[in-house]
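Here's the structure we're looking at; comments come further down.
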Amino acid sequence: MTAEVSESVYKKEWQYQEGEYTVTRTTVWSGPGCHNGCGLLMYTKDGKLEKVEGDPNMPFFNGRLCMRCLALPEVVNHPDRLKYPMKRVGARGENKWERITWDEAIDIVCEKANGFIEKYGNKSIVCQGGTGRNTTWHMPVLSYAAFKSPNECGGFLSGDACYTPRMAAMNAMFGATFLADCAQFFEDRYDNPNWTPPETILIWGNNPIVSNADGFMGHWLVDCMRRGSKLIVVDPRLTWMAAKAEHWLQVRPGTDSALALGFLNVIINEELYDKEFVENWTFGFEELKERVQEYPVEKVAEITWVPKEKIIAAARAYAKAKPAMLQWGLAVDHAKHGVATGHALGCLWAITGNVDIPGGNIAVNSGYVQADIRAAVAGQMPKGIKEGRLGDDLYSFRKNTFAGHALPDAVLTTLETQKPYPIKMLFISSSNTFANMGAEAKRVYEAMLKAEFIVVADLFMTPTAMGCADLVLPVAMSPERNALRGWWAPIRTISKICQYEECKSDEEMLLAIGRRMDPERFPWKNDIEMIEYCMNNLSSTKFRGTFKELQEKIYVFEDFEYKKHEKGLLRPDGEPGFNTTTGKVELFMTLFAALELDPLPYFHEPTESPVATPELFEQYPFVLTSGQRSYEFFHSEHRQVKSMREFHPDPICEIHPEDAKEYGINNGDWVYLENSHGKCKMKAKLNPGLLRKVISAEHGWWFPEKEPAAPSLFGVFESNINLLTTQCDVGPTGYGAPYKNQICKVYKV
Ligand SMILES: Nc1nc2c(c(=O)[nH]1)N[C@H]1C(S)=C(S)[C@@H](COP(=O)(O)OP(=O)(O)OC[C@H]3O[C@@H](n4cnc5c(=O)[nH]c(N)nc54)[C@H](O)[C@@H]3O)O[C@H]1N2
Ligand SMILES: Nc1nc2c(c(=O)[nH]1)N[C@H]1C(S)=C(S)[C@@H](COP(=O)(O)OP(=O)(O)OC[C@H]3O[C@@H](n4cnc5c(=O)[nH]c(N)nc54)[C@H](O)[C@@H]3O)O[C@H]1N2
Ligand SMILES: [Mo]
């Protein structure tokens, strides 16, 4: 893996000439969207990106690239890209636009913002972003430092249901964020003498080689498998990983915490836990032991539809493996009580002693540069501006501790009622709200129309921009921006090597608006100065220097240590232990107890399910899970990219062949999925590897080739699975939402 790559073929300097091409070694992130920062060789000629290759000298991913990255030149040079700022001249959704200059666009944004601030207060402006693209700190900073509004959040992502529920559970329980350890914190990776491959990897509700989510590359697990790691997979669908697993548990969607509690029951009652770790480093084991007695394996089997023997065998295999690693995914968050699931899974790696050890789950409080930049730049925001943030009053946990955002569901209801105060302006960057991010798509669309002024900054004309925007701003793609990349390790730069029409990067846009709104808080002359300020004020990285220095190094790894709790490296007071009230890993979470939340992991049925609503289930006899990632698309993106659509032309819903037969459905038939919330049209794909009575449907579908103007909006309401999902059904912490556990029926079109 770390074998030397021939210098004569792949040079080490950051930029060099190869024939008529300039080759730049840099990092890619977004746009188009992605969670990662792979090392790329970008080949440009006359300022145009013509070819990309993976950079074999980049230890992050050793030259391997996904198909979307390989198609980068096709996307970057796509003729449908937004080319210049435009303002709406017809009615909303009428598709009538006028080209304007950037100066005019920034004038409009700032004049509107100042007008609303004066008349309705700063909180009347809401800034919304999408998932972890290269825009994660920009919207918070725009909101806090430029508009002085506390209302920054995801584009109607119900219950912040992406990673945040897991982060909330981990932070309450461990006082730190944990990741599966694939040696990603070492430059020499798997050759590092301190690292050990895990004996077993438990993959829970995650499809890592397709999704590569949250800065974690799925192929690192394949690298571990090559070094002997065995797999346990918890997934209702047969994924590539599940097919290679020793144990594959086909769980009923939405019952993961019951299954995790079943694992804990086996491990605790059979005394397979790590007694020394539990004794020395955890708090509340007896309470946990008592709680898991409520989840005997027979009962768990009944709830989860996983046979008892399989649960016992998998729990034993995980507990006996040394070390064992748990790699989890979105299915945890996509349930109303996802925080409880996260808590139960955290208990699994805690009581088995796989805490911050090589090949286990490691604490990574350092290195989340995006959050750190947010803090560095927005750290200077005026005191007290978080008062009255939407959603805080609804959930004690959000208000008192963890919340970084307004609650998207509260933003939705506030738009609808204009209470407790009016929302007048939305600034949306990097989110295709009702095509994808928000549940209850039509409701989101209609509520958005109540805002007086909406800005959408994007790469393409999306349904969201077409349907709602008054001003559309064209955004630069990855090779067109200078930026800083750091999501865990290593810290790296992104180098601007070309320019497309008048597109501006998110950094340039933020700076242009920020400087006008508050020049004191945005003193930087250009994007590079701003990035250098961020770089040199991060608490999570030690690297200090100029942008150019980091650009030439390409990446810098920080020191990494295991067993930080033994060395006093996790607490601000430097004492050994964890950064929690008790200093221990809190199996019983004192913070939750103080906030009158259940301090122990538990299982509740989803709001609509075969058990919770049996009568409704008779009418809608399938459990509906949604959003399984595909290689071709990043959420609602890439639908206009020809080579992706050639591989994946239509929206797919998967159904077991036996179930399909019962309903007269053949492979490739167009079908309607329908429930009490709405319906959508998809193409059926018969999948014998799917759990019976479950339908798994794709998310993010719209059709750039269809009529742009409303009511069509590129056909966004034809195959939109979020017509069947719900808003405002979030967990008791304010986190978690049932994107992956509705019910539905299916019938041929
Ligand atoms: N190519 C591509 N990559 C992406 C994205 C993308 O759109 N495209 N999106 C990015 C984002 S924002 C995220 S959050 C991540 C998500 O990435 P993942 O965590 O991998 O999430 P999914 O692919 O939604 O689902 C993972 C697996 O969960 C299974 N599953 C469904 N319901 C349940 C359930 O109730 N319980 C269990 N145990 N399993 C279930 C599905 O069958 C699927 O195989 O991917 C990121 N990466
Ligand atoms: N039913 C169902 N719904 C889901 C999910 C599911 O599994 N099932 N997954 C949910 C999850 S986990 C998430 S995180 C959300 C994701 O939802 P979003 O993050 O809103 O994703 P998109 O809908 O693709 O919208 C992103 C937009 O950003 C633009 N873009 C790309 N790169 C950049 C950039 O660098 N700068 C700017 N300014 N714009 C850029 C793209 O062109 C695109 O239009 O979807 C959620 N929706
Ligand atoms: Mo996500």
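Both counts, for ligands and for their atoms, begin at 1 and track the order of listing. Since we're looking at a predicted model, the values are computed, not measured.
Annotation: atom 2 (C) of ligand 1 to nearest protein heavy atom, Phe633 O, 3.3 Å. In this structure, the protein non-hydrogen atom closest to atom 38 (N) of ligand 1 is Asp256 OD1, 2.7 Å. Among all protein heavy atoms, the one lying closest to atom 30 (N) of ligand 1 is Pro236 CD, 3.7 Å. Residue, atom and distance of the protein heavy atom nearest to atom 42 (O) of ligand 1 are Asp235 OD1, 2.8 Å.
Near Asn436, the atoms of ligand 2 lying under 4.0 angstrom from a non-hydrogen atom of the residue are 3 (N), 4 (C), 15 (C), 16 (C), 17 (O), 18 (P), 21 (O), 22 (P), 23 (O), 45 (O), 46 (C), 47 (N). Near Cys162, meaning under 4.0 Å from any of its heavy atoms, are these atoms of ligand 1: 14 (S). Heavy-atom proximity to Ser626, at under 4.0 Å, picks out these atoms of ligand 2: 1 (N), 2 (C), 7 (O), 8 (N). Of all the atoms in ligand 2, the ones that sit under 4.0 Å from a non-hydrogen atom of Thr131 are 14 (S), 19 (O). Atom numbering of ligand 2 starts at 1 in the shown order; those under 4.0 Å from a heavy atom of Asp506 are 34 (C), 35 (O), 36 (N), 37 (C), 38 (N). Listed by number with element, the atoms of ligand 2 under 4.0 Å from a non-hydrogen atom of Ile721 are 1 (N). Annotation for ligand 1: atoms under 4.0 Å from non-hydrogen atoms of Gly254 are 35 (O). Of all atoms in ligand 1, listed by their number and element, those nearer than 4.0 Å to a heavy atom of Val251 are 36 (N), 37 (C), 38 (N). For ligand 1, the atoms lying closer than 4.0 Å to a non-hydrogen atom of Thr239 are 44 (O). Near Gly329, meaning under 4.0 Å from any of its heavy atoms, are these atoms of ligand 1: 19 (O). Contact atoms of ligand 2 toward Ser636: 22 (P), 23 (O), 24 (O), 25 (O) (distance under 4.0 Å to a heavy atom of the residue). For ligand 1, the atoms lying closer than 4.0 Å to a non-hydrogen atom of Val210 are 1 (N), 3 (N). Here is the list of ligand 2 atoms found below 4.0 Å of a heavy atom in Thr462: 44 (O). The atoms of ligand 1 that sit less than 4.0 Å from any heavy atom of Gly205 are 19 (O), 26 (C), 27 (C), 28 (O), 37 (C), 38 (N), 39 (N). Ligand 1 places these atoms under 4.0 Å from at least one heavy atom of Pro253: 34 (C), 35 (O). If you number the atoms of ligand 2 from 1 as listed, the ones under 4.0 Å from a heavy atom of Gly130 come out as 19 (O).
The side-chain heavy atoms of Leu510 and Met530, taken from C-beta on, include a pair separated by under 4.5 Å. Under the 4.5 Å side-chain criterion, counting only non-hydrogen atoms from C-beta, His138 is not in contact with Val141.
Counting heavy atoms under 4.0 Å from ligand 1, residue Asn207 touches it through both backbone and side chain. Only the side chain of Thr135 comes within 4.0 Å of ligand 2, judged by heavy-atom distances. Counting heavy atoms under 4.0 Å from ligand 2, residue Leu330 touches it through the side chain alone. No part of Asp333 comes within 4.0 Å of ligand 2, judged by heavy-atom distances. Contacts of Val475 with ligand 2, taken as heavy-atom pairs under 4.0 Å, involve the side chain alone. The part of Arg68 lying near ligand 1 is the side chain, judged by heavy-atom distances below 4.0 Å. Within the 4.0 Å heavy-atom criterion, neither part of Glu480 lies near ligand 2. Under 4.0 angstrom from ligand 2, there are no non-hydrogen atoms of Met477. Using a 4.0 Å cut-off between heavy atoms, Met437 contacts ligand 2 through both its backbone and its side chain. Neither the backbone nor the side chain of Arg81 comes within contact range of ligand 2; no heavy atom lies under 4.0 Å. Contacts between Gln628 and ligand 2 below 4.0 angstrom, taking non-hydrogen atoms only, are absent altogether. Proximity of Ser630 to ligand 1, defined as any heavy-atom pair under 4.0 Å, is confined to the backbone N, CA, C and O atoms.
Of the polar atoms of Ala331, none of the N or O atoms is found under 3.5 Å from an N or O of ligand 1, judged by distance alone. Considering backbone and side-chain N/O of Trp328, none are found under 3.5 Å from N/O of ligand 1. In terms of polar-atom proximity, defined here as any N/O pair under 3.5 Å, Asn206 does make such a contact with ligand 1. The shortest N or O to N or O distance between Ser429 and ligand 2 is below 3.5 Å. Remark: ligand 2 and Arg133 share an N or O pair separated by less than 3.5 Å (distance only, no angle test).
Heavy atoms of Cys66 stay at 4.0 angstrom or farther from ligand 1. Within the 4.0 Å heavy-atom cutoff, Arg481 counts among the residues contacting ligand 2. The closest approach between any non-hydrogen atom of Asn212 and ligand 1 is not below 4.0 Å. Using a 4.0 Å cutoff on heavy atoms, Ser696 does not count as a contact of ligand 1. Ala435 does not count as a contact of ligand 2, since none of its heavy atoms falls under 4.0 Å from the ligand. At least one heavy atom of Ala457 lies less than 4.0 angstrom from ligand 2. Residue contacts with ligand 2 include Lys740, since one of its heavy atoms falls under 4.0 Å from the ligand. The closest approach between any non-hydrogen atom of Asn741 and ligand 1 is not below 4.0 Å. Residue Phe460 places no heavy atom under 4.0 Å from ligand 2.
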* To do: Assess whether ring pair (Phe, Tyr, Trp, His ring centres under 6.0 Å) is satisfied between His337 and Phe603, documenting all intermediate values.
  => CA-CA 8 Å; His337 297 274; Phe603 166 70; 8.4 Å; no

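Taking a cutoff of 4.0 Å between a charged side-chain nitrogen and a carboxylate oxygen, Arg481 and Glu507 qualify as a salt bridge. Look at Arg645 and Glu705 and you find a salt bridge, because one of the NZ, NE, NH1 or NH2 atoms lies within 4.0 Å of a carboxylate O, short of that distance. Between Glu302 and Arg252 no salt bridge is recorded (no basic side-chain N to carboxylate O distance below 4.0 Å). Salt bridge status for Glu718 with Lys679: absent, with no side-chain N to carboxylate O gap under 4.0 Å. The pair Arg237-Glu654 meets the salt-bridge criterion, with a side-chain N (NZ, NE, NH1 or NH2) lying under 4.0 Å from an Asp/Glu carboxylate O.
Relative to atom 31 (C) of ligand 2, the option among Leu459, Leu724, Asn722, Leu723 with the closest non-hydrogen atom is Leu459. The closest heavy-atom contact to atom 9 (N) of ligand 1, among the options Glu632, His638, Arg629, comes from Arg629.
Annotation for Lys310: atom NZ does not count as buried by contact number, only 12 or fewer foreign heavy atoms lying within 6.0 Å.
Trp240 carries Lys244 over the face of its six-membered ring, with the cationic atom under 6.0 Å from the centre and within 45° of the normal.
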